[in-house]
Amino acid sequence: MCGIVGYIGKRNATPIIIEGIKRLEYRGYDSSGIAILNEENELKIFKESGKIIELERALPSPDQTFGNVGIAHTRWATHGEPNKLNAHPHTGCDGSIAVVHNGIIENYINLRNKLESEGHEFISNTDTEVLAHLIEHFLKIENDLTTAVQDALKLVEGTYGIAVISNDSPGKIVAARKGSPLILGIGEDEFFVTSDVAAIIIHTKKVIYLEDNEVVSLSYDDYQITNLQNENIEADISIVDWDVSSIDKGEYKHFMLKEIFEQPTSIYNAFRGRLNDRLSTVKLGGLNMKSEELRKIKMLQIIACGTSWHAALIGKHIIEGLARIPVEVEYASEYRYRNPIIPDDTIVFAISQSGETADTLAGLREAQAKGAKVLGITNTIGSTISRESDGGVYIHAGAEIGVASTKAFTSQVTILTILAVLLGRMKDLQPTFGKSFIKELAAIPEKVELILQKNDEIRKIAETLKDSTNALYLGRGVNYPVALEGALKLKEISYIHAEGYPAAEMKHGPIALIDENMPVIAIAPDDAIYDKIISNLEEVKARNGRIISIATEGDEKIEQLSESVIYIPKTIRTLQPLLTVIPLQLLAYHVADLRGLDVDQPRNLAKSVTVE
Ligand code: G6P
C-alpha cells in the first residue's frame with residue numbers, strides 16, 4: 001500500500017527519498033512522486049505512473065532536483081485511476097503546497113464541494129487533493145504551516161498519514177497521522193518521516209512512532225510533536241532492532257525465496273527462550289497474564305486477514321486439541337461489523353504480520369470496546385496493533401519484504417503451537433507430552449532445512465505446473481488450512497486460479513472439475529487420517545486427475561497414485577504444518593518465477609493493507 005518518505009537536513013533530499021520509496025516498493029504501488037524545496041525556495045514536483053524507475057527517468061538533471069527538503073510517495077490507488085494526475089504529491093491552487101497522503105479521507109466529497117464553492121479548482125480524482133486545498137486555505141489565514149495542518153485535520157474524517165511542505169514555510173516538513181502509520185526518524189543533524197522504517201533504516205535506527213492525532217513539525221535542527229490542539233507531546237525514542245541486511249536480497253533472486261530459506265532461523269527465533277524444559281511447558285511473558293488468568297480462559301476468538309487467518313485456523317486446530325478450549329477464528333473484516341458476541345472469560349487474539357492491517361486493527365478496537373482483553377501476535381515492533389493490544393507476542397521473524405507471506409506464517413504457527421502447549425499444560429496436558437513436544441519442536445528447524453534441500457527437485461515439479469490454469473489443494477485436519485495457504489500462495493504470485501479444500505469435501509463439488517488437466521496437490525503426511533486421504537486421492541486418480549503429493553519419508557504407497565511426491569521428514573501431528581507448507585511455498589515461488597512474473601510485487605496486491 002501507499003508509502004511516505006520525507007527528508008530534511010544538510011544533504012540533497014532527492015536521492016534519499018527516492019531510495020527510501022524504493023525500499024517501500026515491496027508494499028505494492030502503482031505510481032510515485034516527489035516534491036522538493038530547492039535553495040531558491042521553489043517547490044518542484046515530479047510524478048509518474050508505473051514503477052519508480054519511470055519517475056527516475058522523468059527527473060531532470062540532478063542540479064534541477066537539488067534541495068534539502070523533500071517528500072516522496074508511492075501510491076496504491078483507492079480513489080481515482082492509477083495515473084500521473086492522481087499520483088501524489090498533490091498541490092492546492094497556487095502550487096505553493098505539496099501533500100502526500102496514505103489512508104482515505106471519508107468526507108472528501110463534502111470538503112471538495114465546499115472548497116469548490118469558495119473558488120478552489122481541483123484537477124485530480126483523489127480524496128487527497130482536498131487536503132492540499134484545505135491546508136492552503138488555512139495557510140493563507142494562519143501563515144504557519146503547522147497551525148494550517150492542525151486546523152485542516154480538525155475538519156477531516158477518515159484515516160491519514162500525511163507529510164506536507166510549502167514554499168511559504170521554507171525549511172519545514174509537517175507530518176501527522178490518524179489510523180495510518182507514521183514514524184519520525186532522528187539522524188545526525190537531519191530528520192526523516194516515513195510510513196515504514198524500512199525506508200530509513202540505512203540512515204538511522206532512532207525513531208519515534210507517532211500516535212493517532214499527533215502532528216510533528218520538522219526543521220533542520222529540531223522537531224516538535226503536538227496534538228491537533230497544539231499542545232506539546234513528549235514521545236519516547238525507540239531503537240529499531242532489525243538490521244539493514246534484512247532488507248537486502250543477498251544472493252537470492254527474490255525476497256520471497258530468501259525468506260523461504262530463512263525459515264529454519266525464523267522458526268527457531270519464534271520459540272527461542274520461550275520453552276521451559278524443566279517444567280515441560282512454555283513461557284510467553286508478553287501476554288501480561290498471570291497463570292490464574294490463563295487458567296480461567298473459557299474461549300479464544302482469533303481475528304486476522306489473509307495468510308495470518310490461515311495461521312489462525314491451524315492455531316484453532318491445535319489449541320482445541322491440546323488445551324481443550326474452544327477457539328473461534330474469523331476474518332477481521334467480518335468480525336468488525338458483525339457485532340460479535342464475546343462471552344465472559346474470552347480472550348481475543350489479533351494476528352497480523354505487519355501489525356497495521358486496517359480490518360484487524362478495527363476488529364481489535366471493537367473487541368476492546370466490548371470490554372474484552374485483546375492480545376496481539378505481530379512481527380512489527382512498534383506497530384499500531386502491537387501498541388494498542390493489551391499484551392501479546394512478537395514472532396521475531398525479521399523484516400518480511402515479499403508480498404506473499406512465508407516466514408511470518410510459519411512463525412505465527414509456531415507461536416500458536418506453543419501457546420496451545422502453554423494453555424494445555426495449565427489444564428490436562430501431560431508433562432510427558434510437553435517434554436516430547438519441546439524435543440520435536442527443537443528439531444523442526446533442521447527438518448525444514450532438509451526440505452529446503454529439495455529446492456531443485458521442487459522446481460522441476462513446478463515446470464509441470466507452470467502452464468496450468470487451475471489447481472486444487474487438498475488436506476485434512478490440521479493440514480486443511482495448509483491447503484488453503486498453498487492455494488493462496490499459488491494464486492497470489494502466479495495468477496493461476498487455485499482452491500484449497502478439505503479432501504473429503506472434494507466429492508461435494510470440486511470433483512466435477514477433475515480431469516487430466518487439473519493438478520491436485522495433496523497434503524498427505526503419515527497420521528491418523530492418512531488412509532482417509534488416500535481414499536480421496538483414489539477418487540482423483542480414477543478420474544485421471546494429476547496428483548502431486550506431500551508425504552512422509554518412507555511412504556511408498558502414495559507413489560502409485562502420484563505423478564510426483566515431495567517427501568518431508570516425520571514429526572508429530574501438531575507440528576506437521578510447519579513442514580508441509582514449505583514445499584507448497586517453494587512450488588508457488590517456482591511456478592511464478594518460471595512464468596516470468598514479478599514474484600515480490602504481484603499485481604494489485606499490497607504487503608500491508610491499511611485501508612478497508
Ligand atoms: C495482505 C498481504 C498478505 C497478508 C495480509 C494480512 O493481503 O498481501 O500477505 O497475509 O495482508 O496482513 P497482516 O500484516 O495483517 O498479517
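Whatever order the structure lists them in is the order used to number ligands and atoms, beginning at 1. Here, residue 1 is the first one in the sequence, and each next residue gets the next number. Everything numeric in this text was worked out from a predicted model, so none of it was measured.
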- request: Enumerate the residue pairs fulfilling side-chain hydrogen bond (donor to acceptor under 3.5 Å, both in side chains) with a member in residues 411-421, sequence neighbours excluded, ordered by first and then second residue.
  value: S308-Q412
Ligand 1: protein N/O within less than 3.5 Å of ligand N/O:
residue  : atom   : partner : partner atom : Å
ligand 1 : 8 (O)  : A606    : O            : 2.8
ligand 1 : 9 (O)  : V403    : O            : 3.1
ligand 1 : 10 (O) : T307    : N            : 3.0
ligand 1 : 12 (O) : T357    : OG1          : 3.4
ligand 1 : 14 (O) : S352    : OG           : 3.3
ligand 1 : 14 (O) : Q353    : N            : 3.4
ligand 1 : 14 (O) : S354    : N            : 2.7
ligand 1 : 14 (O) : S354    : OG           : 2.6
ligand 1 : 14 (O) : T357    : OG1          : 3.4
ligand 1 : 15 (O) : S352    : OG           : 2.6
ligand 1 : 15 (O) : T357    : OG1          : 2.5
ligand 1 : 16 (O) : S308    : OG           : 2.5
ligand 1 : 16 (O) : Q353    : N            : 2.7

Distance flag, aromatic centroids of W309 and Y331, threshold under 6.0 Å: yes
Close aromatic pair by centroid cut-off 6.0 Å: F409 and H310: no
Residues E330 and R338 bridged, charged N to O under 4.0 Å: yes
field: Centroid-centroid distance, Y252 to F261, less than 6.0 Å
entry: yes
task: Applying ring-ring contact (aromatic ring centres under 6.0 Å, His included), run through F192 and H203 and close with a yes or a no.
output: CA-CA 9 Å; F192 306 82; H203 304 292; 5.0 Å; yes
